[in-house]
Amino acid sequence: MNLSVPRRAVAAAALTALALGGLTGTAGAEPRAASALAAAPDIPLANVKQHLTDLQAIATANGGNRAHGRPGYKASIDFVKAKLDAVGYTTTIQQFSYNGTTGYNLIADWPGGDPNQVVMAGAHLDSVSSGAGINDNGSGSAGVLEAALAVARAGYQPSKHLRFGWWGAEELGLVGSKYYVNQLPTTERSKFAGYLNFDMIGSPNPGYFVYDDDPVIEKTFKDYFAGLGVPTEIETEGDGRSDHASFKNVGIPVGGLFTGASRVKTSAQVTKWGGTATAFDRCYHSSCDTTSNINDTALDRNSDAIAHALWTLSGATTEPPTGKVFENTADVSIPDNGVAVTSTVNVTGVAGNAPSTLKVDVNIVHTYVGDLVVDLVAPDGTVYNLHNRTGGSADNIVQTYTVNASSEVANGAWKLRAQDRASADTGYISGVKLTFP
Ligand code: DTR
Ligand code: CA
Ligand code: ZN
Ligand code: ZN
């Protein structure tokens, strides 16, 4: 069942315009320079691999797998949901029944954006019953999860609405994603600008395959890899082989990435990508699909490509900041339960005093913000407290504070000071930015 062509054409046109840095998704709007689009952050490989370690532990603790109908699958759903709830997502667990057992999809909406233009990224979270399913498909699940967490860390406010999905029972025939799409009223389906699918993105002998479906989404991915100098190929066997098919079947524009399964890498592909003329993933659907069955470079590149596509296709534009901006983006480690550390911003060329509405953007990565005391210290040593041990076990402080600094001379060395005052969790100052009108 396909939605009417005009909507797809409009969606494609909007995505085309958007991905090419053109219109802001509104017909007739003045084209904006591509540079006005917010750039995606780098996705830390270490974070993605930590998710895989956690999923491996879940499988190990639950009979060795994360398959539909087994305890390891629901434990995986609960793990991903908790991460997203902690950073402000609106999450929903959707139940369905298959083979007499209950299955679960997890849907996570990032508040904001045009609800009539939904960009969704998804991955199936279930494994086969023979193993932990770390590449198939912990890799896609973890890459999508970390991209979603990066959206929260950045406090990203895209033009379009961002939604994320983790599907159940894909291995039994795309059951969870089919259920989700079939439950969507036609009016809701027509709001999708695109669905991006990530199923096996860390294969140990990787290829770099891009789905040949929606041309705009395909181009977004191909351009990203071209920017890395990594050649890509069209995924020719993808049709029907993963959850994007459920969306494509109802006329939603789809795309995605894949690093290969049991097929054998050709000698030409070895020349192109390295590796060996053996299976892209020799542990496909096997018990050896564990955390050792991952190629880090492929996982990192594809995770970064997920973020790039989300930022590009969701179309946020950043108005150049008014006034003068001073920032320090160097990471400064915050010792656990230890001394205070600082990140210094040297302000120059600003006449007179600072404003009563000094904008202070703080980005601190931490696993328990209730440990932290965070202050802004003016050049003359005056302390303005920004955060004082609130927030409990929530992760990260990504926030804009407005400080009445009108009694302070603007020029000088301003310091963001952070101290961890309780043991067992730690983190780092990722950046601080001061904006003067
Ligand atoms: N069906 C997927 C693996 C798979 C095989 N070919 C493709 C092509 C595109 C995406 C995924 C796949 C699974 O076993 O989960
Ligand atoms: Ca990265
Ligand atoms: Zn599979
Ligand atoms: Zn899969």
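Whatever order the structure lists ligands and atoms in, that order sets their numbers, starting from 1.
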Between ligand 1 and the protein, give all atom pairs where both partners are nitrogen or oxygen and the distance is under 3.5 Å, as lines of names plus distance to 0.1 Å.
| residue | atom | partner | partner atom | Å |
| --- | --- | --- | --- | --- |
| ligand 1 | 1 (N) | Arg241 | O | 2.7 |
| ligand 1 | 14 (O) | Asp136 | OD2 | 3.2 |
| ligand 1 | 14 (O) | Glu171 | OE1 | 3.3 |
| ligand 1 | 14 (O) | Tyr284 | OH | 2.7 |
| ligand 1 | 14 (O) | His285 | NE2 | 3.0 |
| ligand 1 | 15 (O) | His124 | NE2 | 3.1 |
| ligand 1 | 15 (O) | Asp136 | OD1 | 3.1 |
| ligand 1 | 15 (O) | Glu170 | OE1 | 2.9 |
| ligand 1 | 15 (O) | Glu170 | OE2 | 3.3 |
| ligand 1 | 15 (O) | Glu171 | OE2 | 3.3 |
| ligand 1 | 15 (O) | Asp199 | OD2 | 3.1 |

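- Note on Asp42: its N/O/S atom closest to the Ca ion (ligand 2) is OD1.
- Neither side chain, Asp336 nor Thr426, offers a donor N or O lying under 3.5 Å from an acceptor on the other.
- No hydrogens or angles considered: nothing links the side chains of Tyr224 and Thr312 as a donor-acceptor pair under 3.5 Å.
- When distances from the Ca ion (ligand 2) to the N, O or S atoms of Asp300 are compared, OD1 comes out shortest.
- Asn99 and His68 share no side-chain donor-acceptor pair at under 3.5 Å.
- The tally of protein N/O/S atoms under 2.8 Å from the Zn ion (ligand 3) stands at 4.
- Aromatic ring centres of Phe209 and Trp273 lie closer together than 6.0 Å.
- Vertex the Ca ion (ligand 2); arms to Asp304 atom OD2 and Ile43 atom O; angle 130° (nearest 10°).
- Ring centers of Phe164 and Tyr89: under 6.0 Å apart, within the cut-off.
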Applying ring-ring contact (aromatic ring centres under 6.0 Å, His included), run through Phe247 and Trp167 and close with a yes or a no.
-> CA-CA 12 Å; Phe247 292 80; Trp167 310 118; 5.7 Å; yes
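- Looking at Arg263 and Glu235, a side-chain N of the basic residue comes within less than 4.0 Å of a carboxylate O on the acidic one, giving a salt bridge.
- Defined by atom type and a distance below 3.5 Å, a donor-acceptor pair is missing between the side-chain atoms of Asn65 and Ser129.
- Heavy atoms from other residues, nucleotides or ligands lying under 6.0 Å from NZ of Lys222 number 12 at most.
- Of the possible donor and acceptor atoms, one in the side chain of Asn105 sits under 3.5 Å from a partner among the backbone N and O of Gly168.
- A salt bridge between Arg153 and Glu146 is present, with a side-chain N of the basic residue lying under 4.0 Å from a carboxylate O of the acidic one.
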